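Taking it in order: structure first as structure tokens, then the write-up.
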Amino acid sequence: MRTLSGLATARGLVSGPVFVYRDGGEIPIPEYKVPPGMEQSEIVRFKRAHLDTKRDLENLVSVLKERAGRQDVMVFECHLMILEDVILMDETEKHIIEDRLNAEAAVRKTADIARAKFERMNDPYFRERVRDLDDVERRLLKALTGFGYDPLKGLDAPAIIVADDLTPSETVQLPREFVLGFATDGGSTTSHVALLARAMGIPAVTGLGNVTEYVKPGERVLLDGTAGTVTIDPDEKTVKEFNALLKQQKAASEFALSGSPAGTLKDGGEILIYANIHPGLPIEGLKEHGARGVGLYRSEYLWLNLGTEPSEEEQFLAYSQAAKVSSSLSPVSTITIRVLDIGGDKVVRGISQKESNPFLGNRSIRYLLSSPETFRTQLRAILRASVYGRVRIMYPMVSCVEELLAAEKILNEVKSDLDAKNIPYDRDVAVGAMIEVPAAAVNADSLARHLDFFSIGTNDLVQYTMAADRGNDSVAYLYQPTNPAVIKLMRMAIEAAKRNSIEVSVCGESAADPVVGVLWGAMGVDQLSMSATYIPVMANLFSRLTRKDLDEYLKLVEDMCNTATGQEILDACTAWMAQKIPEFSEIAM
């Protein structure tokens with residue numbers, strides 16, 4: 001028996017046989033100098049392979065569009081954009097003509113240069129987009145070399161997929177009825193496998209390093225997506241203990257989904273639990289997970305998936321579809337669409353500009369205010385979609401009132417334009433802002449007077465408060481949602497919302513944390529928003545607590561805030577939860 005530890009990517013436990021996914025290895029490509037005068041013939045070879053690859057991708061997009069509930073199509077529309085990128089095509093032809101490289105070697109050289117640019121970026125999401133580029137390159141090289149291999153041969157029964165890593169193409173073409181879980185050597189919590197696994201409720205562990213070296217096809221493994229472990233060839237005692245945990249997991253999930261609406265307290269009070277979604281992930285299963293609405297729609301993924309600015313119609317179609325799904329979830333359902341949150345390392349070709357300190361630069365609402373036409377186009381699309389559900393507009397990374405006033409002016413101009421053209425929209429559409437920088441929390445009272453709601457983005461609030469990059473392992477110890485400084489800023493924002501009679505929610509990752517998410521509920525937030533598959537766990541926890549319990553929990557934290565460290569507060573909170581809910585460890589797994 002051997003247990004490997006990796007990244008806890010998608011919660012849940014699963015036991016089953018291994019299917020080792022191998023992509024056939026590196027495609028063997030020839031590299032040679034093209035004889036003088038034969039460069040154009042090589043360019044013809046490249047263009048023919050390019051056309052074949054384009055047809056394959058278009059066929060895949062067409063097939064995926066016909067499959068209900070599969071929005072993975074946007075991934076491959078993005079691949080088509082990469083394939084047809086003029087710069088990539090021109091660079092490949094340049095290497096053929098100027099360097100006299102054969103087509104395969106020219107494609108590899110172009111891809112290597114582009115890959116290096118992605119890998120220099122600090123944002124995990126953009127480092128993972130290297131996989132999209134790898135996917136396109138591999139398709140081109142297959143078309144040029146005729147390389148063929150079926151990695152899915154033999155996958156005809158449910159299994160845990162073990163792989164070095166998976167490209168978006170490989171992930172989406174897996175027969176989902178046979179996928180019990182994912183375990184990969186590489187990848188991260190922002191990889192396509194991770195996003196898909198969380199959206200579909202499939203347990204996953206990534207970043208295991210060398211799991212493919214130890215497993216054999218058909219061998220039994222135990223995968224714990226909560227602890228981030230994979231146990232290979234478990235002994236009888238370990239299997240028995242794991243099966244007991246599986247039964248507890250199933251009972252906890254059934255309890256959460258069959259009981260009161262998500263977020264209902266034991267004594268009847270409520271903290272609404274909504275879902276975080278973005279274009280490119282399935283959204284039709286939100287109701288089954290108990291989502292009461294959509295608390296965060298990350299619109300920037302339209303830009304990121306396409307690699308360029310989407311048209312008003314492309315945005316309208318995406319927003320209206322999401323609004324329709326959201327409106328069916330519950331009587332209190334709303335969908336909060338965050339306007340373009342671009343900048344930092346979220347780079348989009350033709351939009352992003354080089355800055356010396358992009359994380360503190362012209363990003364998010366700042367970028368939109370400096371690019372009013374982009375802002376107007378998005379606001380028009382959102383307002384037009386508001387007739388299909390209760391849509392709310394949210395501005396990211398707001399720090400001062402001046403930004404709100406400028407945004408309000410543009411929004412009013414867009415409304416006037418729609419009125420003049422008799423285009424329907426919700427005239428009472430709610431407008432809110434994210435509280436994700438310390439200045440916004442300090443200025444919360446002033447901001448609240450101009451808004452209908454706050455949504456606290458704890459990911460960035462913790463990062464900016466502690467001056468600790470959440471993706472940097474060397475300072476990970478500083479990334480503490482329970483640090484007294486963070487808790488005090490949270491309290492300032494929540495209390496300002498209450499004083500000004502506006503709603504307040506939390507949409508950061510900590511909302512789904514069984515210890516910290518409950519703390520935010522105790523502090524008085526009206527709504528928590530998270531990945532849909534995490535909703536049953538949080539619903540189960542809240543159903544076992546009363547408002548009096550939450551008041552007691554809050555007092556515990558407030559009494560410690562001036563003397564304790566963030567870790568001490570977290571430890572005390574964990575102990576309190578375990579004492580108050582005897583089944584806490586089983587529910588929170």
Side-chain angles (χ1 to χ4, degrees), residues 20-61 75-120 127-155 163-174 184-187 191-192 210 212-213 307 349:
V20 180
Y21 184 99
R22 303 192 189 281
D23 63 7
E26 185 74 16
I27 297 176
I29 66 168
E31 182 172 345
Y32 54 86
K33 290 285 187 180
V34 176
M38 297 298 293
E39 294 90 349
Q40 286 303 318
S41 296
E42 205 64 19
I43 286 177
V44 170
R45 282 188 65 228
F46 166 63
K47 287 185 175 179
R48 187 180 297 122
H50 185 276
L51 181 59
D52 290 342
T53 302
K54 180 181 177 182
R55 286 171 178 164
D56 287 344
L57 280 170
E58 287 175 339
N59 288 336
L60 180 56
V61 167
V75 172
F76 299 101
E77 289 175 338
C78 171
H79 288 188
L80 278 168
M81 294 288 294
I82 294 173
L83 180 69
E84 296 185 293
D85 186 294
V86 174
I87 296 175
L88 292 180
M89 291 185 68
D90 288 349
E91 285 298 309
T92 302
E93 292 186 18
K94 178 182 176 183
H95 295 317
I96 292 174
I97 294 171
E98 296 184 3
D99 302 332
R100 289 183 31 225
L101 288 177
N102 60 302
E104 295 91 340
V107 167
R108 173 58 51 84
K109 184 173 182 179
T110 301
D112 283 345
I113 292 170
R115 232 184 324 263
K117 291 179 181 177
F118 273 113
E119 289 172 345
R120 284 196 294 270
R127 288 200 300 269
E128 283 296 338
R129 299 295 66 79
V130 169
R131 302 297 285 153
D132 294 302
L133 179 62
D134 291 345
D135 212 324
V136 173
E137 178 197 22
R138 190 173 182 82
R139 285 178 178 275
L140 276 170
L141 292 176
K142 279 183 177 181
L144 283 164
T145 63
F147 180 84
Y149 176 76
D150 181 10
L152 296 178
K153 187 177 181 180
L155 181 58
D164 172 51
D165 203 352
L166 290 166
T167 68
S169 278
E170 291 165 342
T171 304
V172 78
Q173 293 182 83
L174 290 168
T184 61
D185 290 343
S191 67
H192 192 75
N210 53 2
T212 53
E213 294 179 17
R349 178 170 48 88

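Being a predicted model, the structure only gives us computed values, none of them experimental. Count residues from 1 along the sequence.
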* Could you tell me the separation between the NZ atom of K142 and the CG atom of D56, rounded to the nearest 0.5 Å? => 10.0 Å

* Indicate yes or no for a side-chain donor-acceptor contact from D85 to the backbone of L88 under 3.5 Å, with no hydrogens or angles considered. => yes

* Asked: Rounded to the nearest 0.5 Å, how far does CG of L133 lie from NE2 of H79?
  -> 9.0 Å

* To do: Check whether any side-chain heavy atom of K47 lies under 4.5 Å from a side-chain heavy atom of M89, and answer yes or no.
  => no

* Which heavy atom in A106 sits nearest to a heavy atom in T92, and how many Å separate them? -> CB-O, 3.6 Å

* Asked: Where is the tightest heavy-atom contact between I113 and H95, given as atom of each residue plus distance?
  -> CD1-NE2, 4.1 Å

* Taking the side chain as every heavy atom from C-beta outward, state whether E104 and E42 have any pair of such atoms under 4.5 Å apart. => yes

* Sub-4.5 Å side-chain heavy-atom contact between L166 and L174 -> yes

* Do you know the tightest heavy-atom contact between H50 and L140? -> CA-CD2, 3.7 Å

* Quick one: list whatever passes side chain to side chain contact (heavy atoms under 4.5 Å, CB included) with D90, sequence neighbours left out. => V86

* side-chain hydrogen bond (donor to acceptor under 3.5 Å, both in side chains) involving E31 - partner list, sequence neighbours excluded -> none

Check residues 32-41 and write down every donor-acceptor pair under 3.5 Å in which the side-chain atom is one partner and the other belongs to a residue at least two apart or another chain.
from : atom 1 : to  : atom 2 : distance (Å)
K33  : NZ     : D99 : O      : 2.8
E39  : OE1    : G37 : N      : 3.0

* Verdict with reasoning, T212 to D185, per side chain to side chain donor-acceptor pair (under 3.5 Å) -> CA-CA 7 Å; T212 53; D185 290 343; 2.5 Å; yes

* How long is the span from the CG atom in D112 to the NZ atom in K109, to the nearest 0.5 Å? -> 10.0 Å

* What is the distance from atom CG of D135 to atom CD of E137, rounded to the nearest 0.5 Å? -> 10.0 Å

* Should Y21 and D164 count as side-chain neighbours, where that means a heavy-atom distance under 4.5 Å? -> no

* Rounded to the nearest 0.5 Å, how far apart are CD of E58 and CG of L83? -> 9.0 Å

* Verify salt bridge (Lys or Arg N to Asp or Glu O under 4.0 Å) between D134 and R115, making sure each step is shown before the conclusion. => CA-CA 8 Å; D134 291 345; R115 232 184 324 263; 2.7 Å; yes

* **Option among N102, I43, V107 that satisfies the side-chain contact (heavy atoms from CB on, under 4.5 Å) test with I96** => I43

